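Below, all heavy atoms of this structure are taken into account, side chains as well, without hydrogens, waters or symmetry copies. Since the structure is predicted, the reported quantities are computational estimates derived from the model, not experimental observations.
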Amino acid sequence: MADEEVCVGAKGEADNLGVRIGAIFIILASSAFFTLLPIVTRRIPKLSIPVHAYDFCKFFGSGVIIATGFIHLLQPADEELSQPCLRPDFSENYHMAYAFALISMMLVFMCEFFAYRFGSSMLSKRLGGGVVHHHASGHNDAVQEDYAEQEREQLRQAELEQGTQVSPNGKADDLDLEDAEKTAVLHSETSELIGVFVLEFGVIFHSVIIGLTLSTTDWDPEDGDKFVVLFPVIVFHQLFEGIGLGSRLSLLPASLGRWSPIWMGLGYAIVTPIGMAIGLGLRHTYTSDTPTGYYVTGIFDAFSAGILIYTGLVELLAHDFVFNKRMQSAPLWKVALNMAEVCLGIAIMALLGKWA
């Protein structure tokens with residue numbers, strides 16, 4: 001009869017309602033401040049921060065995002081979709097959370113591939129040729145220069161194969177070099193936009209669920225008010241994730257618009273408070289302790305986990321380390337430092353997973 005006692009959908013009392021309302025504004029302010037900090041300091045010279053501090057935010061944030069996918073989303077999703085009150089063929093015979101995460105990863109991969117393919121076609125028509133390579137771009141100016149050099153080499157090889165004239169120093173004519181530079185710049189911007197939009201979608205997708213869960217957390221006779229424990233953990237969670245997102249938004253090209261990264265940062269900052277406000281409004285009618293609640297939160301968490309895991313490993317780590325020629329030629333102490341910053345972000349978020 002133990003199964004009859006779970007997923008009963010009991011509604012909690014509006015305990016500490018004033019604190020919960022105040023928590024909305026605290027999370028909004030802290031998320032907005034730390035998300036916008038890297039964006040503002042990068043765009044205003046007088047507020048610029050040291051390069052090492054900025055790198056710390058970027059690589060630390062990458063670790064935060066990866067750990068969020070594994071520890072804060074995938075593992076809870078598995079628990080939510082394995083509840084005994086769900087259909088046995090759904091919850092007992094297969095770990096559906098991992099299947100939904102895999103589906104979201106493959107969807108992101110295919111969408112990203114065709115987005116780059118479409119972008120490549122557009123660039124080819126606009127510049128009269130030139131192949132766009134997905135992983136040739138990274139998230140900094142140095143990789144853009146690497147890609148431009150690859151374009152120049154392709155142009156030189158094409159002219160040699162066709163028997164056309166090249167200059168004595170082996171370089172293509174000025175027009176071809178200019179096209180190569182334009183291709184590199186436009187491809188770098190396309191790469192940045194797609195990568196950041198995928199990341200933004202992933203963090204926003206699960207932040208609403210985080211807010212809804214936080215505001216509907218009930219008082220437990222054995223554990224006391226879980227909100228008191230969960231609230232500070234969520235604050236740090238959103239803070240660290242905001243740093244990671246903000247450091248990536250600050251790298252968006254100027255052609256996108258001066259205010260676009262700021263609006264995107266604010267979009268992330270408000271989604272958790274919106275989720276909390278919705279949860280408070282539905283506090284006496286909604287509970288996650290029902291089959292429907294577990295299906296919704298579990299599937300959302302699993303999909304978000306797949307998005308963030310793919311983004312963290314491919315868009316962030318792979319681009320920043322594996323496909324970044326500047327990183328490959330950097331001093332070993334700098335590479336080790338940046339990797340340690342990634343590991344620190346992973347470790348802290350994994351530790352926070354003990355409470356939330």
What do the steps show when you test Gln238 against Tyr268 for side-chain contact (heavy atoms from CB on, under 4.5 Å), and what is the final call? CA-CA 9 Å; Gln238 296 302 102; Tyr268 162 75; 3.3 Å; yes
What is the distance from atom CD1 of Ile71 to atom CG of Leu351, rounded to the nearest 0.5 Å? 10.5 Å
Can you tell me how far apart CD1 (Ile299) and OG (Ser104) are? Round to the nearest 0.5 Å. 12.0 Å
Has the side chain of [X] got a donor or acceptor atom that lies under 3.5 Å from a matching backbone atom of [Y]?
X	Y	answer
Glu80	Tyr295	no
Arg43	Ser250	yes
Ser329	Arg326	yes
Ser30	Ile27	yes

Taking the six-membered ring for Trp and the full ring for Phe, Tyr or His, determine whether the centres of Phe240 and Phe34 are under 6.0 Å apart. no
Do Glu241 and Ser31 touch side chain to side chain, with heavy atoms closer than 4.5 Å? no
Side chain to side chain, Val322 and Leu317, heavy atoms closer than 4.5 Å: no
Is there a path of hydrophobic side-chain contacts, each under 4.5 Å between heavy atoms, that joins [X] and [Y]?
X	Y	result
Trp263	Val196	yes
Trp259	Phe197	yes
Phe100	Met110	yes

For Tyr54, does the OH atom have more than 12 heavy-atom neighbours from other residues, nucleotides or ligands under 6.0 Å away? yes
Do Ser247 and Arg42 pair up side chain to side chain, a donor and an acceptor below 3.5 Å, judged on atom types alone? no
Assess the side chains of Asp78 and Gln75: does a donor N or O sit below 3.5 Å from an acceptor N or O? no
Hydrophobic cluster (4.5 angstrom, side-chain heavy atoms) - remaining members for Trp333: Leu337
